Protein chains: 2
Amino acid sequence: MFLQIEPQSDVPIYTQLTQQIIEGIASGQLKSGESLPSVRALAADLGVNMHTVNKSYHELEKKGMIRIIPKSGAVVTGPNDLGVTNAQIQQVERMLRPVVAEGLVVGLGAQDLQQLVQKLIKNLS
Amino acid sequence: MFLQIEPQSDVPIYTQLTQQIIEGIASGQLKSGESLPSVRALAADLGVNMHTVNKSYHELEKKGMIRIIPKSGAVVTGPNDLGVTNAQIQQVERMLRPVVAEGLVVGLGAQDLQQLVQKLIKNLS
DNA sequence: GATTTGTTATAATATATATATAACAGAATG
DNA sequence: CATTCTGTTATATATATATTATAACAAATC
């Protein structure tokens, strides 16, 4: 895969995996219906422990982005056709709040923040 | 102060403090030049340890949002008059990236994300 | 001069992170 | 159908992080 972990980072490995897989889905590198590598295979590929990958997969499942089929594998479950749930919006908002606050305090304006969002959307699409 | 910590949260207490103080600065509840409570006073107020507050203050100082005057106290140092540094922009971008990615994957569009940012800016100003 | 301040140090405890093995039972595959 | 692969579960260990508890120090404040 396209995953690249930084063992030295202060971000836990399983979080790095979760975020990068989400970015992979957002950017279309991982398409809906596509299978993820087995936890053992990906762990061996990255040189990390099986349980670390497993933890990431379960985090992704909790977020509703993949489906884990017991004793079988994990499959990407793209954007829900039924639309975005309130819980998902609130989750994004909860993550976004401290980012916007920090941006404002360091002196970024509304336009600057909007511009950053646009740039990231472009990078992730 | 206006701080409210959740001891049960998965977010570390010192991070909760850091984020809420940043929000306080962003919203003008804490103004530039204003003094923060002493680490001991705030710790007693919140029912947490002095070192937990101290850790938060140093995190804020590292971000350039307060200035710690040794053996004296901590003072809010509003938005830098010299403008936003590249490091600060990159920091915000690094925080923003996984949020935008998650938003996109759950089905939010560019407009939805922009709208969320606008809403948060409004709430924090 | 007494109090308050951030600083530093040490220690203890709890939780989180990551790894290492191992075994199990269902799924997939030949 | 037997082998292999899968996620699951369990146990154990090591390290890092988070939090609290005390204590002492020296500079700033009152």
Side-chain angles (χ1 to χ4, degrees), chain A residues 1 3-22 30 33-77 94-95 98, chain B residues 1 3-22 30 33-77 94-95 98:
Chain A
M1 292 230 297
L3 302 171
Q4 184 71 24
I5 66 162
E6 298 180 21
Q8 306 276 35
S9 170
D10 60 327
V11 180
I13 296 176
Y14 75 90
T15 303
Q16 294 184 44
L17 288 179
T18 300
Q19 290 178 350
Q20 290 188 30
I21 291 173
I22 291 176
L30 284 173
E34 192 170 339
S35 285
L36 291 178
S38 74
V39 292
R40 283 181 179 84
L42 183 53
D45 184 15
L46 297 174
V48 301
N49 192 271
M50 174 190 55
H51 297 103
T52 305
V53 177
N54 195 249
K55 191 170 182 177
S56 170
Y57 278 16
H58 276 89
E59 206 176 22
L60 287 164
E61 190 185 39
K62 198 173 167 188
K63 290 175 180 292
M65 296 174 180
I66 71 175
R67 195 165 66 92
I68 299 176
I69 305 167
K71 321 296 171 96
S72 174
V75 180
V76 178
T77 62
R94 206 173 320 129
M95 293 171 72
Chain B
M1 292 230 298
L3 303 171
Q4 183 70 25
I5 67 162
E6 299 180 20
Q8 306 274 36
S9 171
D10 59 325
V11 180
I13 296 176
Y14 75 91
T15 303
Q16 293 183 42
L17 289 180
T18 300
Q19 290 178 349
Q20 289 187 32
I21 291 173
I22 291 175
L30 285 172
E34 191 170 340
S35 285
L36 291 178
S38 75
V39 292
R40 283 182 179 82
L42 183 52
D45 184 14
L46 298 174
V48 302
N49 191 273
M50 174 190 57
H51 296 103
T52 304
V53 176
N54 195 250
K55 191 171 183 178
S56 170
Y57 278 16
H58 276 88
E59 205 175 23
L60 287 164
E61 191 186 38
K62 198 172 168 189
K63 289 176 181 291
M65 297 173 180
I66 71 174
R67 195 164 67 92
I68 299 177
I69 305 165
K71 320 295 170 96
S72 174
V75 180
V76 177
T77 63
R94 206 174 320 131
M95 294 172 71

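Naming: A, B, ... by sequence-line order, numbering from 1 per chain. In this text the structure is predicted, and so the values were computed from the model without any measurement.
Going from atom CD1 of B:Ile21 over to atom CE of B:Met1 covers 5.0 Å, rounded to the nearest 0.5 Å.
For the residue pair B:Val11 and B:Gln16, the shortest heavy atom distance occurs at O-NE2, 2.8 Å. In this structure, A:Ser35 and A:Val75 approach most closely via the heavy-atom pair OG-CG2, 4.1 Å. Residue B:Leu3 comes nearest to B:Leu46 through the heavy atom pair O-CD2, 3.9 Å, listed as atom of the first residue, atom of the second, then distance. In plain terms, the two heavy atoms of A:Ile13 and A:Ile5 that are nearest each other are CG2-CD1, 4.1 Å. Across A:Leu17 and A:Thr52, no two heavy atoms sit closer than the pair CD1-O, 4.5 Å.
When rounded to the nearest whole Å, the span between CD1 of B:Ile68 and C1' of C:dT8 equals 14 Å. Taking atom CD1 on B:Ile69 and atom P on C:dT7, their separation rounds to 11 Å, with Å as the unit. Note: CG (B:Asp10) to P (D:dA18) measures 12 Å, nearest angstrom. Atom CG of A:Asn49 and atom C1' of D:dG7 are 14 Å apart (whole Å). Between the P atom of C:dA18 and the CD atom of A:Gln16 lies a distance of 8 Å, rounded to the nearest Å. If you take CG of B:Leu17 and C1' of D:dT20, they are 15 Å apart, rounded to a whole angstrom. B:Tyr14 places its OH atom 7 Å from the P atom of D:dT19, with the value rounded to the nearest Å. A:Glu6 has its CD atom 13 Å from the P atom of C:dA18, to the nearest Å.
Within residues 54-62 of chain B, the residues that place at least one heavy atom under 4.0 Å from DNA chain D are, in residue-number order, B:Lys55. Of the residues in residues 33-46 of chain A, those with a non-hydrogen atom less than 4.0 angstrom from any atom of DNA chain D are A:Ser38, A:Val39, A:Arg40.
On a pure distance criterion of 3.5 Å, no polar donor-acceptor pair joins the side chain of B:His51 and the base of C:dT7.
Using a distance-only test at 3.5 Å, with no hydrogens or angles considered, no donor-acceptor pair links the side chain of B:Glu59 to the main chain of B:Thr15. For the pair B:Ser56 (side chain) and B:Thr18 (backbone), a donor-acceptor distance under 3.5 Å is present.
A close approach under 4.0 Å does not occur between any side-chain nitrogen or oxygen of B:Ser72 and OP1 or OP2 of C:dT4. Considering only side-chain N and O atoms, A:Thr52 lies under 4.0 angstrom from the phosphate OP1 or OP2 of C:dT19.
Summary of the strand contacts: A:Met50 and A:Ile13 both lie near DNA chain C, and taking for each the nucleotide with the nearest heavy atom, the more 5' one is attributed to A:Ile13.
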Atom pairs and distances, donor-acceptor, side-chain atoms in residues 63-71 of chain A, under 3.5 Å, two or more places apart:
residue: A:Lys63; atom: NZ; partner: B:Glu102; partner atom: OE1; Å: 3.1
residue: A:Lys63; atom: NZ; partner: B:Glu102; partner atom: OE2; Å: 3.2

